[in-house]
Amino acid sequence: MNIKFALAGNPNCGKTTMFNALTGANQYVGNWPGVTVEKKEGKVKGNKEDNITVVDLPGIYSLSPYTLEEVVSRDFLLNEDPDVIIDLVDATNIERNLYLTTQLIETGVPVVVALNMADLIEKRGLKIDTKRLSMVLGCPIIETSALKGTGLKELIAEAVKVAKQGEHQLPGAIFSEKLEEAIDTVVPALSETIATNKKRWYAVKVLENDEKVMNHIVLDAQTKTTIDALRKDLETELDDDMESIVTDGRYTYIQKIISTTVEKPKEKLTISDKIDKIVTNRFLGIPIFLLIMYIVYYISVTTVGTFVTDWTNDVFVVAIQDAVSGFLSSVGASGLLSAVIVDGIIGGVGAVIGFAPQMAILFLFLSILEDCGYMVRIAFVMDRVFRYFGLSGKSFIPLLIGSGCGVPAIMASKTIEQDNDRRLTIMTATFIPCGAKLPVIALLGGVMAGKVAGWEAGGMIAPAMYFLGIVAVLVSAIILKKTKPFSGKPAPFVMELPEYHIPSVKTVLLHVWERLKAFLIKAGTILVVACIVIWFLSTFGFEGGSFGMVEDTANSLIAVIGNVIAPIFAPLGFGNWQSVASSLTGFSAKEAIVSTMGVLANVSGDTEDAVNVAAGVAQWFPTAMAALSFLIFNLLDSPCLAAISTMANELNDRKWFWFAIIFQNVFAYAVSLMVYQIGSLVLYGTFGFWTVVAFVVLAFMLYMLFRPDPYKDQKVYSTRSVEA
Ligand code: BGO
């Protein structure tokens, strides 16, 4: 028999773990609330008799249509007729989880409750009378541990049995007598097009005046008047709006059944609670976060990171260049082919590959922080800061993800309901340096350190750029939230803080490998092509009136193109064709900035040592400030093509897309201009027309930051419209 299970439950109740255990899938288990909005489908493994499909719905707290997750889940349950709902209830949070259960048992679809995290029931000193609870709710309850794999066979067997019976016992009285009477009046008045077993759910929603349901069903004028009168009576009598009356009714019901079925231990602080008292403390939370991220970036880019990178660059890549060069001349390859392979491809890709160890170390730290449960606390801590500036903590999750890669970060913004906040997050998520920008930071950090006598701390640049990214997001948010299209109050942000745990070596290594693999694939594909193109453009050109290989790279095609654009960047301190060409290739992939620098340093012979890219690059920047300005521009400007196309998809509007692109580049230009001009005035005493412009830009930015918010009291915000 073909059977369809729908897996429903609160965020973090273990749905993904259960889905993976049932289907043998390998979906990402994490503790970010609602990173995936889509439903996932799989086949139950090991059940030969029936063909069972499991649909994993997004995590939800209720079936109210406030969030996209709720709309997706409720549409599926009501319109796609699953045979049975497996309602995952987190046993350690039973009270809150049962709220959704009280709604699911009204949908008319048979429900089997999986009382998950059963392995923690005893540990937490909980006692749950599942038999009695099952009787009261009118549905079977099976204790499971998705993590340990216990109870799953029993769960499948029970769900199959219920699906085959195909009947569902609707719950008895949940609400007060008055409200139940009102429901009983509405049920027979509903149209025959609504299935009998679904009528109770629709009756409650109609009484609540749920906009999406009202638009969906047809009520004759007489029925509508009766229902309006019933609603009004109840609201007057209970002095509340109907939605709150229904919500209160559910909570009262839950309290009643919990009091007879669940015994809780006396409140006692767990180790996680004790750690959280410090880590999420109002005053200590942010300094601790800054310190941790400082250490992470510092160690990744200096110490262990530099040691391995230096070896890769100085020994490994040189050895490969020598070996390949020797091999090519021994087989009589032409000088041109040898040059494109050794200088172009190996020189360019090698310059980037050298940074892979630093990235691996960064990814390792980020994965450990995520897997032990610390990162989710940061979203919680930052919620306070973000809320202060008018953004929801939900916007911080894409930013945390953004330190790995901008593409999933932009995609994670899907869960932000308010259109304005979602757009803002999409536009700013890539200000946080992703893994691909790490080579650029490390290379330019080295260039800067080399230009400041006695300054050994090139590694300080990496944490500084990470914090600059966060500040850039906050500054943009403050400025834009004071404009009409972005105004509005942030949405509430509810999230679970799971217990800390020792990260699993396998999960951490898997995350590091997944991220590193994406980088290596890019190095082997996009970067190879980019290197060949850049090598060609920098080797060929017009010299002595004819086209061909040029002696002087200043006559190459890329120099010609770069020189046309360079004056635009002169006020930022890097108005030379080499840096402009490198910046431009950054749009294909951010690592391409370094590979282009590698090719240009190799072919232009700026340096004796072919692979010492930093030495070659250093000659293009007259001062450390110019190198810093170049770095900042390339961190804040539009991201790589992959992230740009994700932005286009998620914004789904040409006007907003172009606004985002212009905003990112103008913002990057303005910040670099201020840093370079004002920094050069302070450090080297240089003053000119562009210094004045930089001060004007600074004054304008400060005005935009500190002016009173004209939309402060605006309570209405636009929400994404989703079909009911
Ligand atoms: C983290 N028992 C126990 N003890 N834990 C479980 C069980 C269970 O039966 N089932 C799931 N979990 P998801 P949603 C985590 O990821 O499946 C745990 O949102 C962490 N991760 O391992 O993602 C599961 O799909 C860092 O825990 O739930 C997961 O419903 C610190 O519950 C969490 C602590 O599971 C949510 C936990 C980086």
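Whatever order the structure lists them in is the order used to number ligands and atoms, beginning at 1. Starting from 1, each residue takes its place in the sequence as its number.
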Report, in ascending order of atom number, the atoms of ligand 1 lying under 4.0 Å from any heavy atom of [X].
| X | result |
| --- | --- |
| Asp119 | 2 (N), 3 (C), 4 (N), 8 (C), 9 (O) |
| Ser145 | 2 (N), 8 (C), 9 (O) |
| Leu120 | 4 (N) |
| Gly14 | 10 (N), 11 (C), 13 (P), 14 (P), 17 (O), 28 (O), 30 (O), 35 (O) |
| Thr17 | 11 (C), 13 (P), 17 (O), 24 (C), 35 (O) |
| Gly373 | 26 (C), 31 (C) |
| Asp371 | 20 (C), 21 (N), 26 (C), 31 (C), 38 (C) |
| Asn116 | 7 (C), 9 (O), 10 (N) |

Using heavy atoms and a threshold below 4.0 Å, how should the contact between [X] and ligand 1 be classified: side chain, backbone, both, or neither?
| X | answer |
| --- | --- |
| Leu88 | neither |
| Glu499 | backbone |
| Val376 | neither |
| Leu147 | both |

Can we say [X] and [Y] salt-bridge, meaning some charged N sits less than 4.0 Å from an Asp/Glu carboxylate O?
| X | Y | value |
| --- | --- | --- |
| Asp371 | Lys506 | no |
| Glu499 | Lys123 | no |
| Lys4 | Asp81 | no |
| Lys264 | Glu95 | yes |

Subject >> Ring centre gap for Tyr251 and Tyr99 strictly below 6.0 Å >> reply: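 Distance test on ring centres: under 6.0 Å, yes.
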Subject >> CA sep, side-chain torsions, deciding dist, call: Leu98, Ile94, side chain to side chain contact (heavy atoms under 4.5 Å, CB included) >> reply: CA-CA 6 Å; Leu98 283 181; Ile94 190 161; 4.0 Å; yes
Subject >> Candidate with minimal heavy-atom separation from atom 12 (N) of ligand 1, of Met117, Glu370, Lys123 >> reply: Met117
Original post:
Between Lys15, His501, Glu143, which one has a non-hydrogen atom sitting closest to atom 30 (O) of ligand 1?
Top reply: Lys15
Subject >> Nitrogen or oxygen of Lys148 less than 3.5 angstrom from that of ligand 1 >> reply: no
Subject >> Charged tip of Arg377 within 45° of Tyr500 ring normal and under 6.0 Å >> reply: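 Here Arg377 passes the 6.0 Å and 45° test against Tyr500.
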**OP:** Would you please say whether a donor-acceptor pair under 3.5 Å links the side chains of Asn649 and Thr646?
**Re:**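 Distance-only check fails for Asn649 and Thr646.
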Subject >> Distance-only donor-acceptor check, side chains Asp129 and Thr261, under 3.5 Å >> reply: no
Original post:
Would Val473 and Phe396 count as a side chain to side chain contact (heavy atoms under 4.5 Å, CB included) if you check the C-alpha gap in whole Å, the side-chain angles of each, and the deciding distance to 0.1 Å?
Top reply: CA-CA 10 Å; Val473 173; Phe396 196 69; over 6 Å; no
Original post:
Quick one: does Gly59 get within less than 4.0 Å of ligand 1, heavy atoms only?
Top reply: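 So Gly59 does not count as touching ligand 1.
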